[in-house]
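Just below is one structure, and these are the notes that go with it.
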Amino acid sequence: MSYMFAAFVVVWAGIFLYILYWQRQVRDLRGELAALRASESARADSPAAGR
Amino acid sequence: MAASLQERTERAPRDEGRSPGAVMDRLLLQPNGLPKPPSRLWAWITAVLMVASLYMIFIYAPIERTQGIPQKIFYFHVPLAWDAYLAFFFTLVGSIAYLKTGRARWDVLAHSAAEIGVVLTSLVLITGSIWGKTIWGTWWTWDARLTSTLVMWFIYVAYLMLRSAVGENDRGARYAAILGIVGFIDVPIVHMSVTWWRTLHPQPTVLNPAGPTLPGSMLAALMVTLVTMTILFFYLLRERMLIEHLRAEVHALTDRALEQQLSEVDA
């Protein structure tokens with residue numbers, strides 16, 4: 001019985017931790033992209049960009 | 001390097017024809033060429049099916065007479081193995097298509113599927129070991145099925161290591177594509193190993209030439225879990241492809257920002 005539960009925990013915990021890790025990565029990457037885009041548009045708007 | 005990163009963030013419209021590539025495009029890509037994000041509906045369907053699978057495994061399916069409760073590990077182990085085969089098949093398809101067309105989206109597919117396949121094969125090996133300990137009395141034996149599965153795991157771990165060693169560029173993608181094609185040779189060997197060699201591992205119970213050998217209720221539980229795991233696989237694949245695309249966009253924007261800063265310093 002305990003072995004069966006061990007297998008059950010390994011499978012579902014493994015898959016869910018994998019998904020949680022990805023969701024965190026998606027959130028971080030989206031944040032990073034937003035920051036990069038904001039700094040890019042700020043640079044484009046700055047007077048130095050017109051030189 | 002900059003050119004290859006630009007190519008990796010390509011947004012060529014998806015192929016709307018009838019070829020296998022077009023079918024794959026419609027399954028995984030939006031009309032503008034971006035990977036489809038996993039929808040909430042998809043996530044809910046997967047979650048509901050997971051609950052249904054648990055019901056089928058623990059309540060609907062009877063307890064097997066000789067093995068007892070540990071036999072229920074089979075309902076996780078077999079669908080995970082099926083998903084791993086599917087993942088490596090997608091790596092094969094993505095690798096062939098990348099070498100043929102040079103389009104980065106195929107490489108993203110191959111890479112994403114390989115990573116998922118490695119995680120699933122790890123779970124197959126762990127659940128198999130737990131089952132082996134209860135039934136055979138040992139965690140591991142150098143049986144043909146177990147050994148060929150371990151070799152398959154090593155091949156695709158090598159694929160991921162190769163990618164991280166060579167880097168995210170065309171050269172790395174080409175080398176990985178070759179390994180993704182050659183490595184797939186082991187997948188049918190893993191599947192046929194129980195037929196070709198005398199093994200401790202049980203014979204196929206569903207894809208048996210004489211027909212399924214499982215009782216109807218057990219077969220139904222297995223089928224529900226197989227469908228659930230297949231849908232879960234596509235959910236994972238979409239999410240993984242989205243990450244790969246976001247990562248490539250971050251790299252491209254960072255490169256552009258650096259180039260601009262350098263040109264400002266020069267001016």
Side-chain angles (χ1 to χ4, degrees), chain A, chain B residues 37-38 43 46 50 53-54 57-58 63 67-77 79-80 83 115-116 119-120 122-135 225 229 232-233 235-236 239-240 242-257 260-261 264 267:
Chain A
M1 188 74 174
S2 58
Y3 283 108
M4 196 274 298
F5 274 111
F8 172 78
V9 168
V10 164
V11 171
W12 296 115
I15 289 170
F16 279 112
L17 285 176
Y18 191 40
I19 292 172
L20 282 179
Y21 168 70
W22 278 355
Q23 282 179 343
R24 198 176 160 171
Q25 277 210 319
V26 168
R27 211 173 44 237
D28 290 351
L29 285 166
R30 283 202 164 127
E32 212 173 326
L33 263 182
L36 281 165
R37 282 188 184 132
S39 71
E40 196 175 48
S41 62
R43 255 200 317 276
D45 293 341
S46 72
R51 277 190 296 177
Chain B
T46 312
M50 277 182 175
S53 302
L54 294 179
I57 294 168
F58 292 108
I63 294 171
Q67 295 182 25
I69 285 181
Q71 183 270 341
K72 289 187 185 285
I73 293 171
F74 158 87
Y75 299 109
F76 311 123
H77 181 73
L80 283 169
D83 264 10
E115 191 187 289
I116 297 168
V119 170
L120 295 171
S122 306
L123 293 174
V124 169
L125 288 167
I126 294 168
T127 51
S129 272
I130 294 170
W131 180 85
K133 179 65 184 165
T134 60
I135 305 299
T225 318
M229 285 293 188
L232 177 71
F233 167 75
Y235 175 83
L236 295 176
E239 184 125 349
R240 185 64 186 78
L242 180 70
I243 290 173
E244 201 62 36
H245 198 89
L246 288 174
R247 208 176 271 164
E249 274 202 77
V250 166
H251 278 302
L253 278 177
T254 313
D255 270 18
R256 209 154 61 203
Q260 275 185 1
Q261 277 174 0
E264 278 169 24

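Numbers restart at 1 for each chain; the letters A, B, ... are given by sequence-line order, proteins then strands. For the numbers below, each heavy atom of this structure counts, side chains included, while hydrogens, waters and symmetry mates do not.
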Worksheet entry | Side chain, backbone, both or neither of Phe74(B) within contact of chain A (heavy atoms, under 4.5 Å) | neither
Discussion item. How long is the straight-line distance from NE2 of His251(B) back to CG of Leu36(A), given to the nearest 0.5 Å?
Written reply: 11.0 Å
Practice prompt. Compute whether any side-chain donor of one residue and acceptor of the other, for Tyr18(A) and Glu115(B), lie under 3.5 angstrom apart.
Written response: yes
Worksheet item: Based on non-hydrogen pairs under 4.5 Å, which of Ile57(B), Ile243(B), Leu123(B), Leu54(B) is most in contact with chain A?
Response: Ile243(B)
Worksheet item: Can you tell me how far CD of Glu32(A) sits from OG1 of Thr254(B), rounded to the nearest 0.5 angstrom?
Response: 6.0 Å
Practice prompt. State the CD-CG distance between Gln25(A) and Leu242(B), to the nearest 0.5 angstrom.
Written response: 11.0 Å
Worksheet entry | Proximity breakdown for Gln71(B) and chain A, heavy-atom pairs closer than 4.5 Å | neither
Fill in: Option in Leu29(A), Ile15(A), Val26(A) with maximal non-hydrogen atom pairs under 4.5 Å from chain B
Leu29(A)
Item to complete: Please round to the nearest 0.5 Å and tell me the distance separating atom CD1 of Ile116(B) and atom CH2 of Trp22(A).
Response: 4.0 Å
Item to complete: Tell me, for Leu236(B) versus chain A, whether the close heavy atoms (under 4.5 Å) come from the side chain, the backbone, both or neither.
Response: both
Worksheet, complete the sentence: Shortest non-hydrogen pair, Glu239(B) vs Ile19(A), comes out as OE2-O, 4.4 Å
Discussion item. As an exercise: rank Leu232(B), Val119(B), Ile126(B) by heavy-atom pairs under 4.5 Å with chain A and give me the winner.
Written reply: Val119(B)
Worksheet item: Quick one: what part of Phe16(A) sits under 4.5 Å from any heavy atom of chain B, side chain, backbone, both or neither?
Response: side chain
Item to complete: Select one option (side chain, backbone, both, neither) describing which atoms of Ser122(B) are under 4.5 Å from chain A's heavy atoms.
Response: neither
